[in-house]
Structure formats: C-alpha cells, structure tokens
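Worksheet: one structure, shown below.
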Amino acid sequence: QGCEDDAGTSATNSGVPKTSSTTFFGYFQPEYDSHFTDDKTSTFKFKRARFGVRGRVNRTFSYYAMIETSDFISSDGNVYLMDAFITYDKYEWAKVSVGSFKQPFGLEVNTPCHSLTTIDRAIVSDQLVSPQRDMGVMLLGGTSKTKFRYSLALMNGRGLGVADNNTKKDIIGRASYKLFDFMSIGGSFRYGYPNNNETDRTSYGAEIALTYNKFNVTSEYIYDEGDYNRAAGGGCGATPLELGAKRAGAYVMASYDINKQWQPVFKYEYFDQDLNIKKIGYQEMMTLGVNYFFNDNTRLQINYQNKIETATTIDNDALLMQLQVKF
Amino acid sequence: QGCEDDAGTSATNSGVPKTSSTTFFGYFQPEYDSHFTDDKTSTFKFKRARFGVRGRVNRTFSYYAMIETSDFISSDGNVYLMDAFITYDKYEWAKVSVGSFKQPFGLEVNTPCHSLTTIDRAIVSDQLVSPQRDMGVMLLGGTSKTKFRYSLALMNGRGLGVADNNTKKDIIGRASYKLFDFMSIGGSFRYGYPNNNETDRTSYGAEIALTYNKFNVTSEYIYDEGDYNRAAGGGCGATPLELGAKRAGAYVMASYDINKQWQPVFKYEYFDQDLNIKKIGYQEMMTLGVNYFFNDNTRLQINYQNKIETATTIDNDALLMQLQVKF
Amino acid sequence: QGCEDDAGTSATNSGVPKTSSTTFFGYFQPEYDSHFTDDKTSTFKFKRARFGVRGRVNRTFSYYAMIETSDFISSDGNVYLMDAFITYDKYEWAKVSVGSFKQPFGLEVNTPCHSLTTIDRAIVSDQLVSPQRDMGVMLLGGTSKTKFRYSLALMNGRGLGVADNNTKKDIIGRASYKLFDFMSIGGSFRYGYPNNNETDRTSYGAEIALTYNKFNVTSEYIYDEGDYNRAAGGGCGATPLELGAKRAGAYVMASYDINKQWQPVFKYEYFDQDLNIKKIGYQEMMTLGVNYFFNDNTRLQINYQNKIETATTIDNDALLMQLQVKF
C-alpha cells in the first residue's frame, strides 16, 4: 500500500506490541544523473524525499500518511499528500483500507520505493500502471510472512489530487502465492474507465520471484488495452508515452548478495507502446548496477542504463547515482 | 483558534504538567461523495488531511502549527500552512496569540474541524465567515471549562498566504457565556475592509447551544453587509456565491447520543445570498445523518443532504460518507 | 548548511551521545511590517515557518531535512523542501554532505536563519549570494568550536526544485579562522555558470567578526562579476535587482548584550548593483533595532530600516516587528 509494506503499523522497535502508537518516519534520495544524449545533461536532484507518520489507534485500527516533498517527482513542483489511509485490520484475511494508496497492481509497483533493487522502476511499470497512486477502498489479506496474499481495490482511477470525473470506479486486484520456499508467483488485473463512463481499459500482469541462496531473480509481464488517461502521467515522474490500442512490456532482473554490503544487479526490459505497429515505439533497455549498503538505513546505488532502439540508434545512455537515508 | 481548541498546549498525556513539550498530532478524513445531480458524480476524496505540532516553550509561551495537505480543500491543490501561532498565556483572562489562526467568529467555525457533528459546516458559516483563517494578533480569555469566554482579534482580512493590500485591519470578536448548566449563548461581530481602505463590511452573529441529557441542540444566525472579497473563497473549499449588499443565514442542528457509538443528527439551514431579492438565491437544506464512533479517535459519518430550492426544483441531493482518524 | 549549524546532528539534549536518533524541530516567525512608502502598506505575515527532522543513522552517517511552509518566502506561495542532506561525518576534517543545502558563501548567509541579529539579511547577501540554497555535494571540516573551519561545494548553481540546465557545476567555498579569542576572519569564493556552459560568474567575499565583552561587531564585503540567473531570485524572498557586469556591497553590524533579555543592534550597509554606473542603483540603508529574548526559544525583534538614496529621496522607510518561537 504505502512505502513501508506491512511493516508499517506494528511498533516493533520497542519489542513490546502496543495497542496505540505513533511513529514519525521518512527517507530521502539525493541523486546525480548524467545523460549521454546529444546535448549532454547532468544534474544533482532528488528522486524522492518523503516524510510520514504511521501508527495504531487501537487493536483494530491503524493509520498511515506520507507526503512527497521532492520537486522532481511531483508534476507541478510542489509538496503533495501521497499515501493516507486508515486500515481496519482486526481480521488478517479481510482487512479494509480507506484513503489514498498505491494501486495493487504488479510486483515492482508494490515494492516499497526505498527497497527497489534498481534506481528506476521498469518502463512498463511506470507507463502502464498509471496512476500508480489513487484514492479508494481496498480489501486485503495476508502479509509478507504468509504464503498467500491478496488485495482488491475499488478506486477513482484518476490519481491523486483530483476528483473522479466519472461515476464508474476502477477495480484493481493482485494475488501472490509462495509455491516453494524459493519461488513466488503472482497475478494482477485492472478493469476501469480512465476518462468517462463509456470507454474502458483492461490490464493484466504476471510475476515471478525466485530466491536461491544469495541469488535473486524477479520477472514481470504486463499487458494493457483500451483507453488511458494522458494527464495521469507516468509513474514516479516518468514522462508518459503515447500508447496504442494495445501495449505490453516485461522485465527480468537478477541480483546477487555478495555480502551485507555489496549487491550487483542486472536488469533487461522491453516496452512496446503499440503492439500493432512493429517498427516504432519498441524499446529495450539494460541496466547494470551495484548497490552498496553502508548500513541498514544508508544505501548507495549506481546504475548504468543502456537503451537499445530498434529503428535508429541514438545516444541516450545514462549514469545514475543515488544515496538514500531512511529513518 | 486552531483545530484543537484549548486542549492544544498542555501535555496531559503523561499526567504530569510539563513546562516544555512538543506533541506531533494530526487527523485525516477520507470521504466518498455521491451527488445526485443531473449528471451524477461520485468520487473518493479527502475532506481534510492535517498534520501539526504543538507545545510549550515555558510556563508563559506556547505554540501551535498545522499544515493542510489535502488537495481538495486548498484552492490551488497544494499543501499550505494553516494555523501557526505563538501564545503568551501567562494570564488566563488576557492571553495574546500572534500568527495565523481562525477568525473568532461564530460557534460552528470555531468548532474544531474533527469535532463537527455534520460533515459540512452550514452554508452560512462557509459563505459569510470568509476567509475562515487569517493572520493577525488576538487577545483572548477563558477556556472550554470556564463559564465566560472571549476572543478579540486584529487581522489582515485577506486570508492566508497573501499580504494585506490595505492598511486598515479587520476587528473580529466573539464572546460566549454559560447561562445555565444546559445552555450557553454567544455573539460575534466583525468590522473590516475586505478589499481597500474605502468600503467596509459589518457582520453579526448570534449562537445558542443546549445540552439536555443526551440531547444536543445548537443554532446560529449570521447577518453580513457591505463589501466582500470574492478571491477569499468560501470556507473549507466551498465555492463562493455572489453576494448581495445584505445577506444572512441560519441553522439549527439537533443530535442525540444513543450510546458511546451511535449519534444520529438532523440539521436544518437556510441561506439568503441577497436579502433584497426575494426569489433568487434563497436556499434551504436539510441534513440527516448518523455518526458512529469506533473509538475515541476513529469516527464514521454518513450524511444525506436534501437541498430545497424555492424558485425551481433541481436534482441536487447528496450522500456523503467520511471516515476520520485522529492521533 | 541547514538552519541549525553544526548543532544539528548530535543528540545533546539527553546528555548521552547516541549512535542513532531522530529529532523533530522547527521555528516560525510571525511578523508585522509597516512600509512608509507613498502608498503606505502594512501587513501581518510570516517571515519563515520551518519544520524539520534531523538525526543520526549510526556513528558515521547523519541526516537533516527541513520544509519551508511560509507562503511569503517561497516564490510560488507553496510549501517546498529546503534543506535535505545526508552527511558522512566520520572524519571531522573531511565530512561529506550530499543533497540540498545553503551555498557555503558568506558569514551572514551561513548564519542560522533563527539567529540573525537583524530581521533581514543585508541587501548584498540576498542579492549576490543567490540562489542561497542549491543541490550538490560538499566537503567540510571543523565545527563552531574549532579555530579553523572550511566548506567546499560542487553545486548545480540553479537553486532548489529545478534540474541543472548546463553540464558545468559551480564551485563554492568558504573558510574562517579564529585569529584571537575576540576576532575571527574569513573568506568566500564562487566560480560557476549560472545559465549555460559559456558565460561564467566569479564572486569573492571577506568577513570579520569581533566580540569584546558584551560588544559584537561583524562586517562583510562581497564582490561579484559576470553572468547571473534572474530566475533564481534574491535570497529569502527578496525581489531580485537588475545587476550590472560588476557589483558589490558591504555591511557592518554592531550589537550589545545589555543582559540576557535586551540586545540593541545597529547596522549600516550599502549595495551597488552596477559598479560602472555611479549615480543609479547605489543604495545605503541603516537599521536600528532591538532584540528582546523572553527566553532561549522565544524572541521579539523590532527593526527600523532607514533607506538612503543617492539620486533622489523617496519615502521608503520601514518598521518590522517579528516574534519567533523555536522548538
């Protein structure tokens, strides 16, 4: 849901489960980007700078709220409320959240933003799971510790900060299951009305996560068809692409935990913004990176992004360096 | 003044009165609205999402600050500073506050925003006590525990986030007195210059609050004449109406505390945006609602608003549902 | 760097040095300004209203983040992220900060904003050290307790909230040395590319601070030449002036600590926005003021600003009154 997954609302720091608590938390990610395009650009910036509060009201109600203060991710350059939800969590298999939160679609979108293995999410996650955050109500069950887990949400479908402009709500859902100790699989779907009550949109996602010793592989495929809302933008500040009637993409990401400090990562991905047109709009990208953990709460990420165009070759590789602190 | 009334600055949680303290607090209100207008609309949204800090510097100074992060109440869709005042409170009957705070006008406007019995304030409160928050200096005395209470403020009269455009300041005041254990009465006035140094504005308000066993009735009448500032908008995100030279409105609200959980409420109100024109701009509204308290800090409100037009009948009823969490 | 100088990251309140901590802090400054210009203006406003969090991750990493919520200082009237940096501070003489922070240029700009002896900074500080805050990386050594202190930063040169539009970064540095117990001297420089990769900007600053018994004198001279970025604005919300090819200014400020409460202050300053033009754009100002400390965290400042024009005399004196609370 939020940036903290289900670790959010239990006051585990003190070791004693409490029935009421408030925790102030946050993380920020200063970043230096070099883009090797024709007219090279380079800049210090922030990827994210988020501050929030979470807690329990009593045994059955918890809350979570977070603001994004980084100018670069918000489209209008200002602070905005991101996640803010109240959860009735008396029953582990039928929790209910109300407010604003992430769409329960896809493994990568629902990975906490401070725990991503590469600096950027895959293009397909940012382009097709959009808006990534929305307002609505969600039924969910299971935690990161259970074998099975599901989320089913009814949402505006318009994103944060605006009222819905149609009366039909979007239905979004995701379920995952740990088949073996080393393997989880999952699926997502979305059916909604992005712009009005007439034209609909349907999306599917499939995911797999493997962990074998210190070796981790995750892979995801997302297919999407129908109308879409250009104004909702790409996720995480990505520039939205023009989409055809049908579009799809996938990624596969492998990382290896050498030790507690070093974690190299490789990611291959493709995105096809219009399945009906062969030559244009198909892009591939390889990301080669390394994560260095100074400690549990401080991490340095270095990513080299190599973009491969099918039609014409242009210089557009990028080197990204991000330092992150959590508290 | 702020959203917390006078409970704001004493550190009562620990049981020990402290001379210096800081408390982080807040509340947020996800809401689902259905408007049964010709082209029906429905949306998940936030009514308010507020986070603040209050505390004591020492025995004689306290402070209070709060930001509004909900996109729907702020006119430009962004986070803004709402209340922020420093109070010299050595003498109970002559406290002085400096900064930004609510205009001390009217019972309903000065009811903390998380303690309103209906989801919306009365139309007259939102239309005539505008701007509801402003910057200035205030002399005040008494608390919610004393029989008598007063506030007298000198303010810009332009609202938050803008400098005053005239040199004449507004004077706003309110006093209330508990005549009997079951009955309080009060009055408010405002005299100011909304737009320039030439044209003035005068407003009066009268209020009464009755509590008999588990039965509560409050009623308020507000009269207002002269210039007004269209840009200041209605209170709490309400769309400002075109006002005539003289305008007035009132409401009466009755609620009954069945038990600690259930509280049904009925409210009748009218607002006349131009007392000189009989037929147009006079509106009545009835609100039928119920409040359910899961616990002290979690509340569900359901309100059905039935609007009655005198001139022509149009479909514009609304069903509002709000969940609130406080911490 | 931030508003808290180097007191920021050590948890000294508890008396016990901690290896991990989080402190929520802030200060706000309601102010009443009267400008005695031809069409007089007067307004209640905020000078600053800042809330932040600082802490240690472990023995070698600390963090600091702060938002500005006062509408009057931010150019677009909204809340924005100001300082947010992560510091690797294992070695006192080679600390490294990454993120957004103040340019290390000049004594007055680097004085914490709640510890300024006059309400406004000198014109030269606001006009020539602009943008006052920026994103980048900084090497720094020493603290307020050491004789020598230095900072050396590589920054975008474009200010907060925007990506750099050129690939050349700015170099900014400052060093100060306590020659005697009663006297410190220091110097600053900046070399950068404010708008593109072609036209540069060079700036120098010299500073001196004297403390003799209860008598304090500080003085600073800043010289600046080359290109500048009009959009970056003046520091602290000051209206940016049109600058010539070469410009300079200085101030000398004297204050006297009568006792713990009272501190009168006198400041003389001049600013020449174009050294090549004698008659126009040269301005002098005298500030006469008094600071009253109710306690360590609550301060009242009253300043009378007397502006002296060389070319023509116009009425533009101002009376500023500011109350500040810190927590």
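Each chain gets a letter, A, B and so on, in the order the sequences are listed, and its residues count up from 1. Atom set for the values below is all heavy atoms of this structure, side chains included, hydrogens, waters and symmetry mates excluded.
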Test side chain to side chain donor-acceptor pair (under 3.5 Å) on C:Asp170 and C:Tyr193; report intermediate values, then the result.
CA-CA 6 Å; C:Asp170 289 17; C:Tyr193 291 79; over 6 Å; no
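Taking A:Thr41, A:Asn295, A:Asp33, A:Asn297 one by one and counting their heavy-atom pairs under 4.5 Å with chain C, the maximum is reached by A:Asn295. Of the listed residues (C:Asn165, C:Asp134, C:Val137), the greatest number of heavy-atom pairs within a distance under 4.5 Å of chain A belongs to C:Val137. Each of C:Thr22, C:Val53, C:Asn166 has some count of heavy-atom pairs under 4.5 Å with chain A, and the biggest count is that of C:Val53. In terms of non-hydrogen atom pairs under 4.5 Å with chain A, the most contact-rich of C:Ile86, C:Asp164, C:Ile67, C:Thr167 is C:Ile86.
Both the backbone and the side chain of A:Phe28 come within contact range of chain C, with heavy atoms under 4.5 Å apart. No part of C:Lys168 comes within reach of chain A, as not one of its non-hydrogen atoms sits under 4.5 angstrom from that chain. In this structure, no portion of A:Glu31 lies under 4.5 Å from any heavy atom of chain C. Of the two parts of C:Thr60, neither the backbone nor the side chain holds a non-hydrogen atom closer than 4.5 Å to a non-hydrogen atom of chain A. Heavy atoms closer than 4.5 Å to chain A are found nowhere in C:Tyr88, neither backbone nor side chain.
Atom OH of C:Tyr63 is separated from atom CG of C:Asp83 by 15.0 Å, given to the nearest 0.5 angstrom.
Ring orientation note: the planes of A:Phe25 and A:Tyr64 are tilted relative to one another, at an angle of 30° to 60°. Below 30°, between 30° and 60°, or above 60°: for A:Tyr27 and A:His114 the angle between ring planes is above 60°, a perpendicular geometry.
A distance-only check finds no donor-acceptor pair linking the side chain of A:Asn156 to the backbone of A:Gly159 [under 3.5 Å].
The only option from A:Tyr292, A:Tyr256, A:Phe293 that meets the ring pair (Phe, Tyr, Trp, His ring centres under 6.0 Å) definition with A:Trp262 turns out to be A:Tyr292.
Seen from the ring of A:Phe294, A:Arg299 does not count as a face-on cation partner, given the 6.0 Å and 45° thresholds.
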